[in-house]
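Reviewing the structure listed below.
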Amino acid sequence: MTTGLEAPFVLAIDMGTSSTRALLFDRLGRAVPDSETQLPYDVLATTDGGVELDPALVLQRTEACVDGALAAARRAGITVSLVAVSCFWHS
């Protein structure tokens, strides 16, 4: 286990407008070193000021980020007990 960090550990997933990322935190909100995976995606701006994303790409990138954070947990000997998700600031 990572020295100085305390269980339970949280897998945090943040699906944003320009990227998705996933990383691990301990019970005190401290980031687990080397646990973050972040993958960007392009947005399509519409003429009326809207933004569109490819949902299949967002899903694929989110899955890859979660896989990356879970691989980091395995390397560190960490068991994930909780999951938190943030999905687009305006939703």
Side-chain angles (χ1 to χ4, degrees):
M1 184 179 298
T2 303
T3 304
L5 299 176
E6 301 177 29
F9 290 92
V10 178
L11 168 62
I13 304 164
D14 178 18
M15 297 166 60
T17 305
S18 62
S19 69
T20 292
R21 65 183 177 152
L23 61 153
L24 304 169
F25 293 94
D26 78 350
R27 74 174 192 91
L28 297 176
R30 297 176 292 200
V32 174
D34 302 317
S35 69
E36 182 175 8
T37 301
Q38 184 172 10
L39 297 171
Y41 30 78
D42 293 324
V43 296
L44 173 64
T46 62
T47 57
D48 63 355
V51 173
E52 296 177 356
L53 298 170
D54 176 355
L57 180 62
V58 173
L59 177 61
Q60 182 272 329
R61 299 280 167 94
T62 302
E63 291 169 344
C65 286
V66 169
D67 288 346
L70 292 178
R74 285 189 296 276
R75 287 191 302 272
I78 288 172
T79 299
V80 174
S81 300
L82 306 157
V83 177
V85 178
S86 172
C87 184
F88 306 104
W89 69 267
H90 53 281
S91 64

*What are the two closest heavy atoms between Asp34 and Ala72, and how far apart are they?*
O-CB, 3.7 Å
*How far does CG of Leu24 sit from CG of Leu70, to the nearest 0.5 angstrom?*
7.0 Å
*If we only count heavy atoms from C-beta on, is the Met15 to Val58 side-chain gap below 4.5 Å?*
yes
_Partner residues of Arg27 under the salt bridge (charged side-chain N to carboxylate O under 4.0 Å, His left out) criterion, sequence neighbours left out_ = Glu6
*Identify the two heavy atoms, one from Leu39 and one from Ala64, that lie closest to each other, and give their separation to 0.1 Å.*
CD1-CB, 3.6 Å
_Quick check for you: to the nearest 0.5 Å, what is the distance between Glu63 atom CD and Thr20 atom OG1?_
10.5 Å
_Distance (rounded to the nearest 0.5 Å) between Thr62 OG1 and Leu57 CG_ = 9.0 Å
*Closest non-hydrogen atom pair, Phe9 against Thr79*: CB-O, 3.7 Å
_Taking Ser19's backbone N and O only, do any of them form a donor-acceptor pair with Tyr41's side chain (distance below 3.5 Å, no angle check)?_
yes
_Pairwise distance CG(Leu44) to CG(Asp54) - rounded to 0.5 angstrom_ = 10.5 Å
*Looking only at heavy atoms, which two atoms of Leu53 and Thr17 are closest? And how far apart?*
CD2-O, 3.6 Å
_side chain to side chain donor-acceptor pair (under 3.5 Å) partners for Thr46, two or more places apart_ = Asp48
_Give me the atom names and distance for the closest heavy-atom approach of Leu23 to Ala31._
CD1-CB, 4.4 Å
*So if you build clusters from Ile, Leu, Val, Met, Phe, Trp, Tyr with side-chain heavy-atom gaps below 4.5 Å, do Phe88 and Val85 land together?*
yes
*Are any side-chain N or O atoms of Arg30 and backbone N or O atoms of Gly4, one a donor and one an acceptor, separated by less than 3.5 Å?*
yes
*Roughly how far, to the nearest 0.5 Å, is CG of Asp26 from OG of Ser81?*
11.5 Å
*May I ask you to test the Cys87-Ile13 pair for a side-chain heavy-atom distance under 4.5 Å?*
no
*How is the hydrophobic cluster of Leu82 composed, in terms of its other members, when Ile, Leu, Val, Met, Phe, Trp and Tyr link through side-chain heavy atoms under 4.5 Å apart, directly or indirectly?*
Val10
_Ser35 side, atom OG; Ile78 side, atom CD1 - distance, nearest 0.5 Å_ = 7.5 Å
